[in-house]
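Heads up: the structure comes next, in structure tokens.
Residues: numbered from 1 along the sequence shown. Keep in mind that what you see is a predicted model, and the values were worked out from it rather than measured.
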Amino acid sequence: MTFATDFADVLKQTVTVKTRSGRGTDGAATYSTSATTYAARVVNAHRQIRDLQGNVVMSQFDVWIASTGTIAPDSKVTLPDGTSPPLLVVSAYPDENGAHFHHKLTFGW
């Protein structure tokens, strides 16, 4: 078995991702009406991390997904339980050939 096959075997949940399309008149983010669904693994991960602004915050979840696409830090991600917690960090991990690619998304409250 390859790493990609083994990795896919643990992705038993799904998440949806909507890209930010702009800001409303009140300044709140607005999101695309279409969403992309990804196979995922949601893991509790309580630890201190630095968010995108460099602040030290507590993380709550890591979500691993197989994706060759781009997931922007200002995307809205809906977890399997229907919640959309704040996305703190987006990390991308290609293999040495670029053939296998996955993201680790870190969330907090």
Side-chain angles (χ1 to χ4, degrees):
M1 286 191 143
T2 66
F3 174 78
T5 303
D6 289 341
F7 183 67
D9 285 345
V10 300
L11 304 178
K12 302 296 184 193
Q13 298 163 296
T14 59
V15 297
T16 58
V17 178
K18 291 184 177 185
T19 58
R20 186 174 68 84
S21 58
R23 298 224 174 254
T25 56
D26 62 354
T30 57
Y31 297 94
S32 170
T33 56
S34 64
T36 304
T37 301
Y38 296 101
R41 178 171 175 88
V42 179
V43 180
N44 288 331
H46 302 279
R47 65 185 184 284
Q48 285 187 334
I49 63 164
R50 290 208 180 265
D51 66 10
L52 296 168
Q53 292 75 36
N55 302 312
V56 176
V57 297
M58 288 299 294
S59 72
Q60 300 294 317
F61 305 98
D62 284 335
V63 176
W64 296 88
I65 62 173
S67 166
T68 56
T70 300
I71 298 176
D74 58 357
S75 298
K76 179 180 181 180
V77 180
T78 304
L79 300 178
D81 66 1
T83 61
S84 295
L87 182 53
L88 302 175
V89 177
V90 176
S91 304
Y93 297 93
D95 71 5
E96 68 278 6
N97 300 317
H100 172 79
F101 201 84
H102 62 275
H103 286 87
K104 177 179 145 186
L105 311 177
T106 303
F107 297 88
W109 287 111

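Atom NZ of K76 has 12 or fewer neighbouring heavy atoms from other residues, nucleotides or ligands inside a 6.0 Å radius.
Expressed to the nearest 0.5 Å, how far CG of N55 lies from CZ of R50 amounts to 8.0 Å. The NZ atom of K18 sits 12.0 Å away from the OG atom of S75 when rounded to the nearest 0.5 Å. One distance of note links CZ of R23 with CG of D74; it measures 7.5 Å at 0.5 Å rounding.
V43 and L11 fall within a single hydrophobic cluster, where Ile, Leu, Val, Met, Phe, Trp and Tyr are joined by side-chain heavy atoms under 4.5 Å apart, directly or via other members. When the side chains of ILVMFWY residues are joined at heavy-atom separations under 4.5 Å, either directly or via intervening members, V90 and V63 end up in a single hydrophobic cluster.
Note on R47 versus D62: salt bridge recorded, some NZ/NE/NH1/NH2 to OD/OE distance being below 4.0 Å.
Taking 4.5 Å as the limit, some side-chain heavy atom of V17 sits within range of a side-chain heavy atom of Y38. Side-chain contact between Y93 and H103 is absent, with no heavy-atom pair separated by less than 4.5 Å. Inter-residue side-chain proximity for V15 and T37 is flagged as unmet; no heavy-atom pair is nearer than 4.5 Å. Here the side chains of V77 and L105 are in contact, with some heavy-atom distance below 4.5 Å.
Looking only at distances, a side-chain donor or acceptor of T30 sits under 3.5 Å from a matching main-chain atom of G22.
The heavy-atom pair separating G108 from P85 by the smallest distance is O-CB, 3.4 Å. Annotation for L87 and A72: closest pair CD2-O, 3.9 Å, computed over non-hydrogen atoms. In plain terms, the two heavy atoms of I65 and A40 that are nearest each other are CG2-CB, 3.5 Å. Across all their heavy atoms, M58 and Q48 have their closest contact at SD-CG, 3.5 Å.
Shown are L88, T83, V89, L79; of these, the side-chain contact (heavy atoms from CB on, under 4.5 Å) with F107 is made only by L79.
Looking only at atom types and distance, the side chain of T78 has a donor-acceptor partner in the side chain of S84 under 3.5 Å away.
Between H102 and W64, the ring-plane angle classifies as tilted under the 30° and 60° cut-offs.
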